[in-house]
Enquirer: 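Take a look at this one; I'll ask things after.
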Amino acid sequence: MITVPGNVRVWLATGHTDMRRGFRALALLVQETLKRDPHAGDLYAFRGRRSDLIKIIWHDGQGADASLDHASRGAFLHV
């Protein structure tokens with residue numbers, strides 16, 4: 001479980017993302033698409049094609065984290 005401070009912005013990517021991408025590729029996607037710095041402390045969430053996987057990247061100022069979660073029932077909500 002990741003403890004995230006209350007002042008962290010959460011960005012949800014629309015559409016689906018290739019879940020084979022790692023932190024560097026997703027960070028590059030954040031830079032190119034959102035024109036944001038992925039190392040600034042915001043949290044970015046991406047979902048897989050079938051909506052049963054979600055990948056989160058976050059840099060807390062000391063290190064980067066890329067987390068993957070699988071929906072145990074059904075799929076994550078389409079936003």
Enquirer: Could you grab the distance from atom NZ of Lys55 to atom CZ of Arg47, nearest 0.5 Å is fine?
Expert: 15.0 Å

Enquirer: Do any side-chain atoms of residues 20-30 form donor-acceptor pairs under 3.5 angstrom with protein atoms, and if so which ones, sequence neighbours left out?
Expert:
residue, atom, partner, partner atom, Å
Arg20, NE, Asp18, OD1, 3.0
Arg20, NE, Asp18, OD2, 3.3
Arg20, NH2, Asp18, OD2, 2.9

Enquirer: Could you pull out the closest heavy-atom pair between His39 and His59, with the gap in Å?
Expert: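 Heavy atoms of His39 and His59 come nearest at ND1-CD2, 3.4 Å.
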
Enquirer: With Val10, which residues qualify under side chain to side chain contact (heavy atoms under 4.5 Å, CB included), at least two apart?
Expert: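 Result, side chain to side chain contact (heavy atoms under 4.5 Å, CB included) vs Val10: Leu12, Leu43.
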
Enquirer: Could you give all pairs that pass the side-chain hydrogen bond (donor to acceptor under 3.5 Å, both in side chains) test and reach residues 27-38, with sequence neighbours left out?
Expert: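 Qualifying pairs, neighbours excluded: Arg36-Asp42.
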
Enquirer: For His16, enumerate each residue passing the side chain to side chain donor-acceptor pair (under 3.5 Å) test, keeping only those at least two apart in sequence or located in another chain.
Expert: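 For His16 the side chain to side chain donor-acceptor pair (under 3.5 Å) partners, ignoring immediate neighbours, are Arg49.
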
Enquirer: Would you please name every residue forming a side chain to side chain donor-acceptor pair (under 3.5 Å) with Arg9, sequence neighbours left out?
Expert: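 Testing Arg9 for side chain to side chain donor-acceptor pair (under 3.5 Å), a comparison that skips the adjacent residues, returns none.
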
Enquirer: Where is the tightest heavy-atom contact between Val8 and Gly41, given as atom of each residue plus distance?
Expert: CG1-O, 3.3 Å

Enquirer: Tell me whether Trp58 contacts the main-chain N or O of Tyr44 through its side chain, where contact means a donor paired with an acceptor under 3.5 Å.
Expert: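 Checking the backbone N and O of Tyr44 against the side chain of Trp58, no donor-acceptor pair under 3.5 Å is found.
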
